**Student:** 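Got a structure for you, questions after.
As the structure is a prediction and not an experimental result, all values here were calculated from the model. Lettering follows sequence order; numbering is per chain, from 1.
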2 protein chains.
Amino acid sequence: MGNDKTRKDTVLALSPVPLYTQIKGILRDRILDGSYQAHQQMPSESELMASFGVSRITVRQALGDLQKEGLIFKIHGKGTYVSKPKAFQNATELMGFGEAMAQMGYETFNRLISSKPVAPGAAIGERLGLAADAPVMELKRVRYLNRAPISLDVTYVEKALGERLAKEDLAHRDIFLILENDYGIALGRADLQIDAMLADRVLAKHLEVEEGAPVLRIERLTYTADGRPLDFEHLYYRGDAFQYRMRTERIHPQEK
Amino acid sequence: MGNDKTRKDTVLALSPVPLYTQIKGILRDRILDGSYQAHQQMPSESELMASFGVSRITVRQALGDLQKEGLIFKIHGKGTYVSKPKAFQNATELMGFGEAMAQMGYETFNRLISSKPVAPGAAIGERLGLAADAPVMELKRVRYLNRAPISLDVTYVEKALGERLAKEDLAHRDIFLILENDYGIALGRADLQIDAMLADRVLAKHLEVEEGAPVLRIERLTYTADGRPLDFEHLYYRGDAFQYRMRTERIHPQEK
DNA sequence: CCTCATATCTTGTTATGACGAGTAATGACA
DNA sequence: TGTCATTACTCGTCATAACAAGATATGAGG
């Protein structure tokens with residue numbers, strides 16, 4: 001059932017937000033609230049054209065974006081279907097720790113251990129695209145979830161930026177959000193490297209675990225939207241208290 | 001169409017591969033071989049239209065795909081630019097271990113430890129979308145890189161499929177490639193969870209490390225292209241010998 | 001009953017055309 | 001000289017149109 005060809009939806013052509021964005025939002029809501037059930041359904045492109053009163057290219061842009069988000073998938077010649085696994089949507093999204101936890105309803109708190117200018121090793125300076133002798137700021141923070149320490153974050157940024165950041169409310173706000181909302185710096189992608197290690201004495205003290213406990217180490221180099229490296233971090237997560245989740249796509253062999 | 005300000009390129013309209021795919025390939029090659037240098041350049045859309053003799057929509061589809069791959073980025077009102085960091089392209093691509101290593105020029109070898117039907121715990125059966133009492137096959141393999149053990153892979157699949165897989169040449173081929181190339185099963189996305197743990201006695205033996213050494217554990221649930229869960233794996237990587245790399249994108253707040 | 005061509009769904013690709021919006025250089029004007 | 005409107009680029013959005021290609025139901029012919 002649920003066949004509502006006659007249904008008419010209103011999208012505002014004069015709105016500042018694009019039509020396909022509005023349509024995307026409406027369809028996403030219907031998927032998330034169950035109007036469109038899992039693994040079947042989804043009106044065809046021509047039905048959506050009629051019901052929203054837009055052209056096919058607009059419908060396809062909306063559907064294409066939803067597919068990128070993982071909410072739907074298409075089968076050539078058959079139709080468009082709703083994906084089931086709502087489990088962890090958007091796990092490939094770049095987020096700060098507090099941001100990610102807040103989205104899941106957890107409260108976080110950060111304790112600033114130290115902030116000081118350091119002479120970067122060659123590796124760090126190079127990653128940030130700075131001159132070999134350019135000074136960088138090192139910010140050390142321990143992040144708490146429900147009063148238990150979860151991770152030690154060591155952040156390296158260019159010195160001037162780091163001094164500015166050190167004055168901010170790092171206890172309650174993610175650096176990512178400060179950069180974007182307060183400084184107006186648009187962030188782009190990030191490159192991550194993940195491996196496992198054992199807690200040394202310093203790490204054990206900060207994370208309140210035994211020396212030799214398993215630790216997940218993540219190296220993250222974050223770029224601005226226009227591709228300049230901005231922020232290099234070492235994140236040390238308690239192996240017993242944290243799982244890093246993500247989603248990857250299979251790229252099908254085509255012309256390669 | 002006698003138009004060539006700088007260069008004229010030939011794309012085959014009759015080819016079985018779409019025009020935008022051909023154009024995407026040509027542009028990717030030029031970026032990778034340095035014809036288009038990093039962080040500047042890139043002809044405008046209208047120039048590409050003229051040089052390839054195609055419409056704007058086709059050019060935009062090619063550029064959009066390259067942007068998703070991370071090779072280029074666009075700035076509204078200014079132009080399209082080449083991204084610099086060739087470091088690890090396509091790290092969000094879902095790949096088997098052997099596949100990934102082969103792409104980097106390494107040879108791998110797998111040793112099949114065991115393959116047997118098991119009564120799945122509730123967690124595994126549910127993940128695979130099977131009935132609670134449906135039998136599954138468990139395949140255990142140790143993966144070697146340069147004759148050193150790198151990981152222990154424990155794979156769970158539906159029983160019939162698992163028995164078929166057990167007869168294949170698992171020593172030299174990735175399960176992913178067998179599924180796709182031999183069985184014609186198109187793979188879609190995968191959901192991953194990563195954490196850190198310590199090697200127990202069994203793990204230590206297989207990975208040839210000390211008991212208590214750091215181990216990166218990855219849980220991976222792989223879906224077919226049409227969204228059915230197919231393959232659930234536990235991957236245990238030596239923390240001292242393996243780094244998991246990936247790239248994530250910042251999603252900018254829009255309508256949320 | 002089974003097979004196969006056909007009609008008719010679906011999504012995929014591509015062209016042409018238009019206007020909006022952001023960026024930047026130019027030149028007129030105060 | 002400094003400010004501002006103009007203009008000419010760029011990418012972003014959207015409409016209309018057509019055909020290709022995959023999937024499926026239908027019906028004719030064996």
Side-chain angles (χ1 to χ4, degrees), chain A residues 3 5 9 11-25 27 36 40-68 72-83 184 186 225-227 252 254-255, chain B residues 1 3 5 9-25 27 40-68 72-83 184 186 188 225-227 252 254-255:
Chain A
N3 199 334
K5 287 198 173 69
D9 295 286
V11 283
L12 308 176
L14 317 172
S15 165
V17 301
L19 280 174
Y20 76 89
T21 303
Q22 299 177 52
I23 293 172
K24 178 171 48 164
L27 294 179
Y36 294 149
Q40 277 295 120
Q41 321 262 165
M42 217 65 199
S44 73
E45 293 178 356
S46 48
E47 284 171 342
L48 291 174
M49 286 169 65
S51 103
F52 286 109
V54 300
S55 77
R56 190 164 168 226
I57 206 173
T58 305
V59 167
R60 282 181 63 79
Q61 176 134 24
L63 291 178
D65 282 9
L66 289 175
Q67 186 176 29
K68 278 201 300 185
I72 64 176
F73 63 94
K74 302 177 179 183
I75 300 182
H76 188 170
K78 289 189 69 177
T80 305
Y81 300 84
V82 179
S83 310
D226 59 355
H252 289 100
Q254 302 176 333
E255 12 76 50
Chain B
M1 59 165 180
N3 182 346
K5 20 179 57 170
D9 296 286
T10 36
V11 282
L12 309 176
L14 318 172
S15 164
V17 302
L19 280 173
Y20 76 88
T21 305
Q22 300 177 50
I23 293 172
K24 179 171 48 165
L27 294 180
Q40 278 295 121
Q41 324 263 165
M42 219 63 199
S44 74
E45 292 178 357
S46 48
E47 284 170 344
L48 291 174
M49 287 170 64
S51 103
F52 286 109
V54 299
S55 77
R56 189 167 166 223
I57 206 171
T58 305
V59 168
R60 280 180 65 79
Q61 178 135 22
L63 292 178
D65 283 8
L66 289 175
Q67 186 176 28
K68 278 200 298 185
I72 63 176
F73 63 95
K74 303 178 179 182
I75 301 182
H76 188 170
K78 291 189 67 177
T80 305
Y81 298 84
V82 179
S83 313
D226 60 355
H252 289 101
Q254 303 175 332
E255 15 75 51

**Student:** Expressed as a whole number of angstroms, how long is the span from A/Q22:CD to D/dC14:P?
**Tutor:** 8 Å

**Student:** Measuring from atom CD1 of A/I23 to atom CG of A/L66, what distance do you get when rounded to the nearest 0.5 angstrom?
**Tutor:**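 One gets 10.5 Å once the value is rounded to the nearest 0.5 Å.
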
**Student:** Round to the nearest Å and state the distance from B/R60 atom CZ to C/dA18 atom C1'.
**Tutor:** 14 Å

**Student:** Could you measure the distance from the CZ atom of B/F73 to the CD atom of B/Q67? Nearest 0.5 Å is fine.
**Tutor:** 9.5 Å

**Student:** Out of C/dG12, C/dA15, D/dC11, which nucleotide sits closest to the side chain of B/K74?
**Tutor:** D/dC11

**Student:** If you check the B/S55 side chain, which of D/dA15, C/dT14, C/dT11 turns out closest?
**Tutor:**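 Per side-chain heavy atoms of B/S55, the pick is C/dT14.
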
**Student:** Measuring from B/D65:CG to B/R60:CZ, what's the distance to the nearest 0.5 Å?
**Tutor:** 12.0 Å

**Student:** Is A/L27 close to A/Y36 at the side-chain level, that is, under 4.5 Å between some pair of heavy atoms?
**Tutor:**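 Answer yes - side chains close enough.
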
**Student:** Using atom OH of A/Y81 as one end and atom C1' of D/dA23 as the other, report the distance to the nearest whole Å.
**Tutor:** 9 Å

**Student:** Report the distance from atom CD1 of A/I57 to atom C1' of C/dC19, rounded to the nearest whole Å.
**Tutor:**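 Interatomic distance, CD1 of A/I57 to C1' of C/dC19: 14 Å.
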
**Student:** Hey, does the side chain of B/S46 come within less than 4.0 Å of D/dT10's phosphate (OP1/OP2), counting only N and O?
**Tutor:** yes

**Student:** Grab the two heavy atoms, one from A/A62 and one from A/K24, that are nearest each other, plus how far apart they are.
**Tutor:** CB-N, 3.9 Å

**Student:** Measuring from A/T80:OG1 to A/I72:CD1, what's the distance to the nearest 0.5 Å?
**Tutor:** 5.5 Å

**Student:** Whole angstrom is fine here: how far is it from CZ in A/F73 over to P in C/dG12?
**Tutor:** 12 Å

**Student:** A/Q61 has an atom CD; how far is it from atom P of C/dT14, in whole Å?
**Tutor:** 17 Å

**Student:** Tell me if the side-chain of A/R56 makes a donor-acceptor pair with the base of C/dG12, cut-off 3.5 Å, by modelled atom types.
**Tutor:** yes

**Student:** A/L19 has a side chain; which of C/dT11, D/dC14, D/dG12 sits nearest to it?
**Tutor:** D/dC14

**Student:** Taking the side chain of A/S44 as its heavy atoms from C-beta onward, which of D/dC11, C/dA15, C/dT11 lies nearest to it?
**Tutor:**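 Looking only at heavy atoms from C-beta outward on A/S44, the closest nucleotide is C/dT11.
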
**Student:** Expressed in angstrom and rounded to an integer, what is the separation of B/I23 atom CD1 from C/dT13 atom P?
**Tutor:** 13 Å

**Student:** Got a list of protein N/O to nucleotides 23-26 of chain C N/O distances below 3.5 Å?
**Tutor:**
{"residue": "C/dA24", "atom": "OP1", "partner": "B/K78", "partner atom": "NZ", "Å": "3.2"}

**Student:** Could you state the atom-to-atom distance from CE of B/M49 to C1' of C/dA18 in whole Å?
**Tutor:**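 Taking CE of B/M49 and C1' of C/dA18, I get 13 Å after rounding.
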
**Student:** Check whether any side-chain nitrogen or oxygen of A/Y20 sits under 4.0 Å from OP1 or OP2 of D/dC14, and answer yes or no.
**Tutor:** no

**Student:** Between CD of A/E45 and CD1 of A/I57, what distance do you get to the nearest 0.5 Å?
**Tutor:**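 With rounding to 0.5 Å, CD (A/E45) is 11.0 Å from CD1 (A/I57).
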
**Student:** Quick one: is B/T58 getting a side-chain N or O under 4.0 Å of the C/dT13 phosphate, OP1 or OP2?
**Tutor:** no

